[in-house]
Amino acid sequence: MMAKNPPKPAPRRIFQERLKITALPLYFEGFLLVKRSEYQEYKHYWTELRGTTLFFYSDKKSPTYVDKLDLIDLTCLTDQNSTVKNCAKFTLVLPKEEVQLKTENTESGEEWRGFILTVTELSVPQHVSLLPGQVIRLREVLERERKRRIETEQTPSSAVEKKEPTGDYADVLSPMPACFYTVSRKEATEMLEKNPSLGNMILRPGSDSKSYSITIRQEIDMPRIKHYKVMSVGKNYTIELEKPVTLPNLFSVVDYFMKETRGNLRPFIYSADETSETEGSPVTPLK
């Protein structure tokens, strides 16, 4: 059955901001209660199913996700008995963890199960209770996901390799995280201090053409600015910490800081509206 009041999608401006983070197609969205292995209790997230990945946002209007879950290796989806009336509960069994999900009602639970199984099994499930119109949506998503995977497999490896930065960061043509700005250490600090509501983490060029830096602003006892060097090592990137962390790309570097701080660090992102309203900002976004 279809939910009587399906959740309204995120505002268009927010949708456009999220496209800067991932180009994966949006198949379904709504609120979910999520409990991962490292969580002590369920967390309430606005959730998007893009491709075979779940993106979790603190609320519907947040432009950046606080966590994500890749479902490509989903082993199975098992139903759980819920003690709460009219609440669907199920578990996503993955090779390295089991994630528990709860929905606000049984109707939305059926929809979530249907969409997740469709994109992971590449077939429309027969054991979900959905209306004809919803089944048609699943078939449309199935075709889109099949086409996306075929195109991904046919993309030459040379076309998806990231171009190494050479001299001028403005010439880097490969996709960059939305919080990357070609600004100096001082300018990044000023941006974070003047606009705390836009985020508290900036990725910027380092002192040479082969490195980057992460500038963050944290408020514990008092506001503090910290800088972390990110070295380009071959095709990977190493964050220079007490115990260095090596990751495959800059998106993973940003994800690492977000996950390690449990979402307390958020990418600093200017929207078109905010940029036009802010005069004299030292921002030079990468084009």
Side-chain angles (χ1 to χ4, degrees), residues 20-24 36-38 51 53 55-56 63-70 72-73 94-97 152 155-192 198-220 223-269 283-287:
K20 297 178 182 179
I21 300 176
T22 177
L24 289 172
R36 302 192 68 170
S37 56
E38 66 267 27
T53 302
F55 290 85
F56 303 117
T64 56
Y65 61 88
V66 297
D67 203 355
K68 65 179 180 178
L69 180 66
D70 191 352
I72 191 65
D73 295 322
L94 297 156
K96 295 184 179 181
E97 70 172 318
T152 301
T155 301
S157 58
S158 59
V160 297
E161 287 182 1
K162 290 183 178 294
K163 179 181 176 182
E164 293 296 323
T166 53
D168 187 355
Y169 281 84
D171 291 335
V172 179
L173 301 179
S174 56
M176 297 290 284
C179 62
F180 175 78
Y181 299 93
T182 52
V183 295
S184 66
R185 179 185 181 120
K186 180 181 179 182
E187 289 172 332
T189 299
E190 291 177 351
M191 289 165 65
L192 294 178
L198 302 183
N200 53 8
M201 174 172 53
I202 287 176
L203 173 66
R204 59 181 176 80
S207 57
D208 56 61
S209 63
K210 294 184 178 181
S211 70
Y212 294 85
S213 289
I214 289 280
T215 297
I216 67 171
R217 181 180 186 270
Q218 286 183 302
E219 294 190 24
I220 305 175
R224 295 182 181 179
I225 296 289
K226 292 184 179 181
H227 307 274
Y228 296 89
K229 191 170 186 179
V230 181
M231 291 297 299
S232 174
V233 183
K235 294 184 179 181
N236 297 319
Y237 296 87
T238 298
I239 307 172
E240 294 194 348
L241 303 171
E242 185 176 346
K243 291 183 179 180
V245 175
T246 299
L247 299 163
N249 53 57
L250 292 173
F251 288 94
S252 296
V253 170
V254 173
D255 285 345
Y256 174 82
F257 280 91
M258 292 170 63
K259 195 166 185 178
E260 287 298 305
T261 61
R262 295 176 179 248
N264 288 324
L265 287 180
R266 298 177 295 107
F268 183 97
I269 299 176
V283 182
T284 312
L286 183 67
K287 301 294 185 184

**Message:** side-chain contact (heavy atoms from CB on, under 4.5 Å), that's the test. Do His227 and Thr189 meet it? Break it down for me.
**Reply:** CA-CA 9 Å; His227 307 274; Thr189 299; 3.7 Å; yes

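- Side-chain contact between Lys229 and Ser211 is present, with at least one heavy-atom pair separated by less than 4.5 Å.
- In terms of heavy atoms, Val183 sits closest to Pro205 at O-CD, 3.8 Å.
- Interatomic distance, Ile269 CD1 to Leu198 CG, rounded to the nearest 0.5 Å: 9.5 Å.
- Put simply, CD on Glu190 and CD1 on Ile225 are 10.5 Å apart, with the number rounded to the nearest 0.5 Å.
- Summarising the geometry, atom CE belonging to Met201 is positioned 5.5 Å from atom SG belonging to Cys179; distances are rounded to the nearest 0.5 Å.
- One distance of note links OH of Tyr65 with NZ of Lys259; it measures 10.0 Å at 0.5 Å rounding.
- Closest heavy-atom contact between Asp73 and Pro95: O-CD, 3.3 Å.
- Remark: side-chain polar atoms of Asn236 are not paired, donor with acceptor, to backbone N or O of Val233 under 3.5 angstrom.
- Heavy-atom minimum distance, Gly51 versus Leu24: N-CB, 4.2 Å.
- Leu241 is linked by a side-chain contact (heavy atoms from CB on, under 4.5 Å) to Tyr228, Ile239, Val245, Tyr256, counting only residues two or more places apart in sequence or in another chain.
- The pair Glu187-Arg185 does not meet the salt-bridge criterion, since no charged nitrogen lies less than 4.0 angstrom from a carboxylate oxygen.
- Pro267 and Val254 get closest at one heavy-atom pair: CG-CG1, 3.9 Å.
- The salt bridge (Lys or Arg N to Asp or Glu O under 4.0 Å) check on Arg36 picks up Asp67, Glu97, with sequence neighbours excluded.
- Rounded to the nearest 0.5 angstrom, Leu203 CG and Leu250 CG are separated by 5.5 Å.
- Side-chain N or O atoms of Thr261 include one that pairs as donor or acceptor with a backbone N or O of Phe257 at under 3.5 Å.
- Side-chain atoms of Thr182 and Arg204 form no donor-acceptor pair, as typed in the model, at a separation below 3.5 Å.
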**Request:** Please assess Val253 against Ile214 for the test side-chain contact (heavy atoms from CB on, under 4.5 Å), listing each intermediate value before the final yes or no.
**Result:** CA-CA 9 Å; Val253 170; Ile214 289 280; 4.2 Å; yes

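- Salt-bridge annotation for Lys68 and Asp255: present, with a side-chain N of the basic residue lying under 4.0 Å from a carboxylate O of the acidic one.
- Once rounded to the nearest 0.5 Å, the distance linking CG of Leu265 with CG of Asn200 reads 5.0 Å.
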**Request:** Please report the C-alpha distance between Glu240 and Met231 in whole Å, then the side-chain angles of each, then the deciding distance to 0.1 Å, and finally whether the side-chain contact (heavy atoms from CB on, under 4.5 Å) criterion is met.
**Result:** CA-CA 7 Å; Glu240 294 194 348; Met231 291 297 299; 3.2 Å; yes

**Prompt:** side-chain contact (heavy atoms from CB on, under 4.5 Å) between Lys226 and Thr215: does it pass, once the steps are laid out?
**Reply:** CA-CA 6 Å; Lys226 292 184 179 181; Thr215 297; over 6 Å; no

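- Residues Asn249 and Tyr237 share a closest heavy-atom pair of CA-CD1, 3.6 Å.
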